[in-house]
Each structure stands twice: as C-alpha cells, then as structure tokens.
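All chains are named by letter (A, B, ...) in the order of the sequence lines, taking the proteins before the strands, and each is independently numbered beginning at 1.
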Number of protein chains: 2
Amino acid sequence: MKRKVTLKQIAKELDVSVSTVSKALRNSKEISLDTRSKVQAFAKLYNYRPNNIALSLKNKRTKTIGVIIPEIVHHFFSKVISGIEKEANNRGYNVIIGLSNESFDKEVINIEMLANGSIDGFILSVAKETLLLQDYHHFYETINQGMPIVMFDRVVNEIACDKVVVDDKLGSKKAVAKLIDSGCENIALITTKDYVNVGKLRTQGYLEALEEHKITPKSSLIIKVEENKDKEIEIETLEKEISALLDKEKSIDGIFAVNELYAITAMKIAINKGYKIPENMSIVAFTDGVLSKHAIPSLSTISQHAVEMGEKSATMLIDKLEELVDEEKYQTEVINTTLIERDTTR
Amino acid sequence: MKRKVTLKQIAKELDVSVSTVSKALRNSKEISLDTRSKVQAFAKLYNYRPNNIALSLKNKRTKTIGVIIPEIVHHFFSKVISGIEKEANNRGYNVIIGLSNESFDKEVINIEMLANGSIDGFILSVAKETLLLQDYHHFYETINQGMPIVMFDRVVNEIACDKVVVDDKLGSKKAVAKLIDSGCENIALITTKDYVNVGKLRTQGYLEALEEHKITPKSSLIIKVEENKDKEIEIETLEKEISALLDKEKSIDGIFAVNELYAITAMKIAINKGYKIPENMSIVAFTDGVLSKHAIPSLSTISQHAVEMGEKSATMLIDKLEELVDEEKYQTEVINTTLIERDTTR
DNA sequence: TGGTACTACGCAAACGTTTTCGTGTTGAAA
DNA sequence: TTTCAACACGAAAACGTTTGCGTAGTACCA
C-alpha cells in the first residue's frame, strides 16, 4: 500500500527542493526544461495529486459548497440537489450535504459544523421548526462572518441574502384557473396551516384566482392540514377530513391541493366514493413528482422546476464567491411554474 | 463584517503566544488558571471556532465521508443517504456527495476530486456503465492509497473491500412464494437484462421459488427490459411488451417486477385490460418506495431497508477509519428484506 | 548563597502547498 | 581580469492548528 505522494517526497527522491518541484509541476520557466521534465515524469509515475486540504488552507477557499435541506427523501429536494450538484461540478466545486430533518437544533449544528472553514458558502432551505421559532441568529452569524448564503424555496424575507423562490401564488392561480376554465364551479382547497409560508402563498393564489373569476370563496371548502412529524398520522387525519368534506359538500367538482400527497389522498377517497375523474371531479396538485406522474389516473400538477432552482442557486452562490457579482447586492430570483396537464383535468 | 477569529488574533490581542492560547482553550494545566479563564472568555466573546481545514491538515483526517451514488432523485438512494448521514453525524462526521449519473467518467472524476485529501473514506454504489465496462482501476487505486471503501447495493465482488448488500435472491423468492401461496399459478416476471447484477439475482430468485414449488418456469412469461437513459422511452417500450404478453398469455394471474416502476406500469395496463386486482391478478414489486405506498391500489413490495443499509455502511466505514476493526479484514453485510403486504396481493 | 523544583509560558516543528525573494554559478561583454 | 546579466535553484514565510520541549522566573530548602 503506497500512501499518497507529496511534494516533499518527490523533492527528496530527485534531490531538489520542494519549491523546485512545485514550480516544475506548474511549468514555471524559472526551472530548466531538463528538471521540469524529470519532475513531471516522476510525478506522473507516482500519480501525484496536490493535497486539497493544504490548498484550501493556503488559498483560504475550499471550492466546496454546503447544502442544508430539511430532508432528502423528498422528490423536490433531491431534484434541487441534483441541480446544485450539476452546476457546482461544472464549475469545479464539491457539494457537502447536511440534513436538518426540519429541526432547528440540527440546522444550527449543521451550519456550525460546516461554517468553520469546511465550505465557502451555503445553499439552504429553512427548516419548518426554524420558521416557527423565528430564530435566525445562526443565519445572521454566518453572513456576518463573510460567508454568503443562498436560500431557496423556504426563505426568510427579512434576511439580506440571495434567494431563489418559486412563484407560489401565481402557480396556484394557474392551477385554479385551469380548474375553473374546464368547468369546475366548486373548488375545494387542501392546504397547510398558515405559518408555513408556501402554504399561505398558495392559499392566497387560490383565493385570488377565485375572485378574478367572480367566484366567492367559501371557507367551508378549505381544509388546512396540521402537519405532523409522523406522516402516517397526518394522512390518516386528512383522509377523515376529506371524507367528511365530500360527504357534506356534494357540489364539489374540483380539488386543488398544495402538494402531491394531499392530492393523491383526495383522489383515492373521491374514487372510493364513486366520483369519476376527471368527468365529475378534477384534481390539480402543486409540486410535480413521481407520485403524480405514475398515479392512476396520472395527476395534473404545477411543476416547480426543481432542477432549475438548484442550478440557479448554485450559479448565484458561485458568482458571489468568485466575485463576478457585487458582494453587497442581493437578488431574489423567481422561478417560473408550469402547468402539466395529465389525466385528472379535462 | 467581522471575519473569523483565529488563535493568532486572540494571542496578539491578549499579548500572549499562540501556543498559550491553544493550550488555554484546551484547559491544559500547563497554563495558569488566570490566563486560562481570560483566554476562554475572550474566545467565547468572539465566538472562536477552530478552523476545520487546519485541523484536517494537521491531523491528516478530515472527519468527512465521501458518498458516490448513481443518482439522487431516486427513493432508494436518498433513503440510503439519509441513513448514512444520520450515523455519520452521530459520530461527528460530515457527508460529501458525488453523483455519477450512472456514468463511468463522472464516477472516476468524482472519486479523484475527493480522494485528494478531502475525505477519509468512501461509501459508494457502482454506476451501471462501470459495471458494463468492468473497469475498476479507480477503485483499486483508491484502496491502494490506503483509503477505505464500502460498497453498497451495486457492488463489485472481485474487489476486496467492505460491502453491504441486500439478499436479492432471497427477497425475490419471498415475493414469488407469496404469489404462489395466495393461489397464483402463472406468474410473469418483469426484470432487467442480465448484466445488471441485481436484475440477474432477482431473476434467479424467481426461478428458484418456482422450482421449489414444483412449477416449471416458462420463458414466455419473462420480460427482460432493456434499460434506457430516457426512462420515458424505456417505459413506453415496456408498456407494449406487457400489453402483448397479457394478450398472448391469458392464464397469467400474478406478476413479479424487479422494481416499483415496472410493477406500476404492469398494473396500469392490467387494470385497463379489465383485470381485477388482486382478485384475478396479483402483483408484487421489489424495492419499496413512495410509488408503491401511494399507488391505487397500493402495491405489495419487498422492502430493502434502505435506511438501515446506509447506517450499516457508515458504521462499517467509520469503524475502519477509527481502527475499531481489523484493517485487513473485509466483511460483507447482508441486509434482510421484508415482504410488505398491501392491496395488490390476496 | 547556591541548588532544586515547580510554575507558566514561549519556541519551533509539523501537516502540504504556493510564492516571493535571495543567491550561487555561468557566460559574455568590456 | 573584472563586471554584470541571465539562469536555475533554494530558503523561508504563510495558511491555522497542536504539542513536545526548552527556559525564564519564583519559591523553597539547606
């Protein structure tokens, strides 16, 4: 087992100094052609590669991006990561991942672990618990130390940093408009409690779409789901609520859900109750993922272009790191949404 | 914007030497109580944190694990990652991610990028292209340089390293046995071409299960899917094959598919053709994911315990890194599979 | 007063690089 | 023979730590 070879070892072997070796490898004309080729041949033979850690220490930059997301077993987030990774790799950066599991403490710990020199900047999506507690000291500290942050999807407006978001309101309007245009008159909404920012915005979009089409919203058609760490329980509760809603409000002919799972759950219940989809019940979900695509019938959705979000986030961060862009100027990039029409709409 | 504070700055500020500061912070009794508390107070005030990179260079260990997987937008792999991350974080390690996108070249590049000091060891699942080319030089080089590797799921048998695999054959046997026990007599198999190792093993399990139950396998009931970078095309082709199969072999009353997507595709077609599931057509898939859980009807599957695979992989790697285990001894851990009975089986 | 023994600190090396600056050798010009 | 430039290389600092060892200063004892 031959350990990694260093400049020093090469120097000793060839009986020259470390600096000569370094210069020779970088093809400095300060070194004679003779020595240069000798060193380069030797280095190639022993498969010399400069030690990244030493370079990082010297250059005060690691060429590594820290990404902190609430969870990875989630189609949206893994898509974003693949976008980040793609762009980062193209520009010679590595990606190091931390998971907060929606927990404030884990988010703080992860940030602290990475902020001590391991990375050059963060891309992150804020944990729900953090949003609830509204404690953002770890973000402020990080930024204060001169480490740039790009927030995506779940952002904190009051923090001065670059952001990449989806136009939740407009996306929802598109979805609801589609339902109305295809003839739905009583559209139910399945959303989350208001403290989840995206839930709130999507609800607003729903309301605005109705108003623009001269339909007065009825709060009796809206279900606000209480999120639960245990998704099983959350969904079970939701099932009961949907079932009750459909029993009570017989006129419902359309459902807009703020995520795939809620939509699928609703669809399952509607089918059980004998509704024909999309003939007398249309469904659209926010967030496009595998579930929607492969559901039977396949679900019409609002796609958030997650990969693009990731790419854009990485671009913004790296541009800032490489000072291609004004350090003090923060931008908020809005990613477009697209309506993907599948089999749950007419 | 206050930059990160270093030992040197603290030393200068308090008019002592760097070593004194370092020792004081580590509470060495070599330093007077007086100085110690002074230094510690100052460090706390300025929120001093040792620079990870400097520590890595000095200690020759980064406390970071490199993970290379074929793709991240994949339920199985993201589950494994969450397992790795959990165990790694518990033991004070970070996780850095590389995606090969099933490409040999990207796999090599990723490994080379990370192997130069950035990480202490690898956890990886081999890209399909690499398996096809059978070019494993990058793995050998890495191991030769003294960097441990743990392979999971898609492993290369001939390489001497730790491995974590699923018992594909046994899992498949369980699935097929379930179908037979519930009364199926003509069970179709949807699998991949044989060069994908897991496809091959799962096919073997299917065959063995049939034989053990005195059923002679019929090759006319087996579809071997040619994988395609473009999943859309792959699935479209598959749809035609399944449709043709069901038209030709009317006696089929059970389907075993080597992954969720194949199973869902088959189910969709069967439903369209008027089969009642599970009354006159049962389906089981290998690999448990969101699709199976939320399909309508929900799909019975063989769960691979992906999180456990990740945890186990991380445990094995870290044990080796921390020399809790013999460096030269390589183990292969086999993770159990479980049959999850849902609504596509009787 | 001289010797001993702590105490409390500083120096310097080391990890692997890159880069600036200094220096010895050569050859040619004066 | 002297002078000077060009050439080819080495020494050392720097990045931020940790740690073994050396050493002032003090106190105590004989």
Checklist line | Residue pair E158(B) / F139(B), side-chain heavy-atom distance below 4.5 Å | finding: no

Margin query: Check this one for me: any side-chain N or O of T35(A) less than 4.0 Å away from OP1 or OP2 of dC9(D)?
Written below: yes

Note to self: Tell me whether the side-chain N/O atoms of R36(A) come closer than 4.0 Å to OP1 or OP2 in dA8(D).
What the structure shows: no

Check: Does R26(A) put a side-chain nitrogen or oxygen below 4.0 Å from OP1 or OP2 of dT19(C)?
Finding: yes

Next item on the list: Using a cut-off of strictly less than 4.0 Å, decide whether K8(B) has a side-chain nitrogen or oxygen near OP1 or OP2 of dC15(D).
Entry: yes

Note to self: Looking at S32(B), I'd like to know whether one of its side-chain N or O atoms comes within less than 4.0 Å of OP1 or OP2 on dA8(C).
What the structure shows: no

Check: Can you list the residues that meet the ring-ring contact (aromatic ring centres under 6.0 Å, His included) rule with Y48(B), with sequence neighbours excluded?
Finding: none

Notebook entry, point to check: According to a strict under-4.0 Å criterion, is K60(A) in side-chain N/O contact with OP1 or OP2 of dA14(D)?
Noted result: no

Next item on the list: Decide yes or no for I111(A) and T142(A): does some side-chain heavy atom of the first lie under 4.5 Å from some side-chain heavy atom of the second?
Entry: yes

Notebook entry, point to check: Applying the side-chain contact (heavy atoms from CB on, under 4.5 Å) test to H138(A), which of I143(A), T130(A), N110(A) qualifies?
Noted result: T130(A)

Notebook entry, point to check: Using a cut-off of 4.0 Å on non-hydrogen atoms, how would the nucleic acid contact of L55(A) be classed: base, sugar-phosphate, or nothing?
Noted result: sugar-phosphate

Check: Any idea which of dG16(D), dG10(D), dC11(C) is nearest the K23(B) side chain?
Finding: dC11(C)

Next item on the list: Mind calculating the distance between NZ (K4(B)) and C1' (dG16(D)) to the nearest angstrom?
Entry: 12 Å

Notebook entry, point to check: NA contact type, S56(A), heavy-atom cut-off 4.0 Å: base, sugar-phosphate, or nothing?
Noted result: nothing

Note to self: For a quick check of understanding: with a heavy-atom distance under 4.0 Å over all strands, which category does S22(B) fall into, base, sugar-phosphate or nothing?
What the structure shows: base

Notebook entry, point to check: K58(B) has an atom NZ; how far is it from atom P of dA14(D), in whole Å?
Noted result: 18 Å

Check: Is R49(A) touching bases, backbone alone, or none of the nucleic acid, heavy atoms closer than 4.0 Å?
Finding: sugar-phosphate

